[in-house]
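Throughout, residue positions are numbered sequentially from 1 according to the sequence presented.
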Amino acid sequence: MKKYLLIWMLGILPILSFAQALTPARDYTNAVLWQQFSGEYRALAFQAYNFARLSLKEALWNQANAKLNCVIVDADETILDNSVFQGHEIKKGVSYLPGDWTEWTALAQADTVPGALAFLKFAASKNVETFYVTNRDKADYEGTLKNLQKFGFPNADEAHLLVKTTTSDKEPRRQKILEKYNVLLLCGDNLSDFSNVFYREGKDTKEQVNAMQGLFGTKFIVLPNPMYGDWEKLLYKSDKLNEADKGKQRLDKLKTY
């Protein structure tokens, strides 16, 4: 009996070790798989960009001043799909390593989010420029530009790609664009891609969403991202937690009956 128990333990240990290696990382395997394989993800992305097209047409009809027109889009999970990177980190047993991210962006291998390229080409056909306002760092600039140009994204140049420099706050970059352009709509996967009112001003995010509900699908086009975002910060009691502590706090936050 002891012999068979020993054999069983030797067989199960590698599996347990693998599970333990993954557990401290983010428990979001299903989220990554959903983005990579589900028809629902593609449908929601197409839906978002179909609304974007309709809203852009209406905004152009109502536009009444002499400024140039533009749209502002985020990069990650808005026009570029990084689920392959997220899968890499999960299998590596980590949450997120900056060095891995820099390596990934340099490869310029992120795929497009469904509907994104077609929409932005439509915008270009209407003489609407695109500004790419992303919180990728300066170190990611060259790879990001290469990734956009590989697919033929319009206005993929130094004048229209605005990465993070001194702050992750996108509002100064949005305001700079507003000096010369009408911003007809904004596309993003994170509410901070639209306004600071949602996360940076200490207000109740859900209440702010309710108050601005008429802008979603018209001025604000939201893309699905189940993998990460500012929303998750609201779950944690501290910003200095390891992944095991974060996992416990996520579990504690679940609503049940």
Side-chain angles (χ1 to χ4, degrees), residues 18-36 72-113 116 131-151 153 156 158 160-174 187-193 196 198-200 223-250:
F18 180 71
Q20 288 171 351
L22 290 182
T23 300
R26 297 175 51 78
D27 49 354
Y28 67 149
T29 303
N30 273 8
V32 176
L33 290 171
W34 182 81
Q35 183 156 319
Q36 292 179 345
I72 296 177
V73 299
D74 173 50
D76 300 312
E77 296 7 290
T78 299
I79 61 170
L80 295 177
D81 177 356
N82 297 286
S83 62
V84 171
F85 166 76
Q86 303 296 340
H88 174 273
E89 298 297 85
I90 290 175
K91 287 196 172 184
K92 191 174 179 178
V94 298
S95 172
Y96 168 84
L97 294 179
D100 288 354
W101 175 250
T102 302
E103 178 183 280
W104 164 247
T105 59
L107 293 174
Q109 291 184 357
D111 200 356
T112 59
V113 168
F131 281 91
Y132 305 91
V133 180
T134 171
N135 276 338
R136 290 188 174 197
D137 293 321
K138 285 184 178 180
D140 307 314
Y141 192 96
E142 185 177 342
T144 304
L145 197 57
K146 181 180 178 182
N147 209 157
L148 296 176
Q149 291 174 344
K150 178 174 71 174
F151 290 109
F153 277 96
E158 293 184 2
H160 292 82
L161 175 58
L162 308 179
V163 297
K164 180 176 68 175
T165 54
T166 58
T167 175
S168 61
D169 186 355
K170 292 185 175 182
E171 189 60 27
R173 283 171 277 171
R174 289 193 288 257
C187 303
D189 65 298
N190 194 321
L191 292 176
S192 294
D193 295 327
N196 282 6
F198 297 109
Y199 290 113
R200 289 184 171 272
L223 279 298
N225 176 7
M227 302 184 298
Y228 61 88
D230 283 344
W231 66 271
E232 193 178 342
K233 297 175 183 176
L234 304 178
L235 303 177
Y236 306 131
K237 297 177 182 178
S238 171
D239 58 359
K240 296 181 179 179
L241 299 172
N242 59 38
E243 285 304 321
D245 290 334
K246 285 183 178 180
K248 183 179 184 305
Q249 290 192 20
R250 285 194 293 270

Using every non-hydrogen atom in the two residues, find where [X] and [Y] come nearest and quote the distance to one decimal.
| X | Y | value |
| --- | --- | --- |
| Val133 | Lys170 | O-NZ, 3.0 Å |
| Thr144 | Arg136 | OG1-NH1, 2.9 Å |
| Tyr199 | Leu191 | CE1-CB, 3.7 Å |
| Trp34 | Pro226 | CE3-CG, 3.6 Å |
| Tyr236 | Arg250 | OH-NH1, 2.7 Å |

N/O donor-acceptor pair under 3.5 Å between [X] side chain and [Y] backbone:
| X | Y | value |
| --- | --- | --- |
| Asn225 | Tyr228 | yes |
| Asp137 | Asp140 | no |
| Glu243 | Val94 | no |
| Gln109 | Trp104 | no |
| Asn147 | Ala110 | yes |
| Arg173 | Leu162 | yes |
| Thr78 | Ala75 | no |

Using a cut-off of 6.0 Å, state whether more than 12 heavy atoms not belonging to [X] lie near its atom [atom1].
| X | atom1 | value |
| --- | --- | --- |
| Gln149 | CD | yes |
| Lys248 | NZ | no |
| Lys164 | NZ | yes |

Do the side-chain N and O atoms of Asp169 and Asn196 include a donor-acceptor pair separated by under 3.5 angstrom? yes

Is a side-chain donor-acceptor pair under 3.5 Å present for Gln35 with Gln86? no

Parallel, tilted or perpendicular for Phe85 and Trp101, by the 30°/60° rule? perpendicular

Atom CG in Asp111, atom CG in Leu80: separation rounded to 0.5 Å? 9.0 Å

Among Asp76, Asn82, Leu223, Val73, side-chain contact (heavy atoms from CB on, under 4.5 Å) partner for Val113: Leu223

NZ/NE/NH1/NH2 to OD/OE distance under 4.0 Å, Arg174 and Glu171: yes

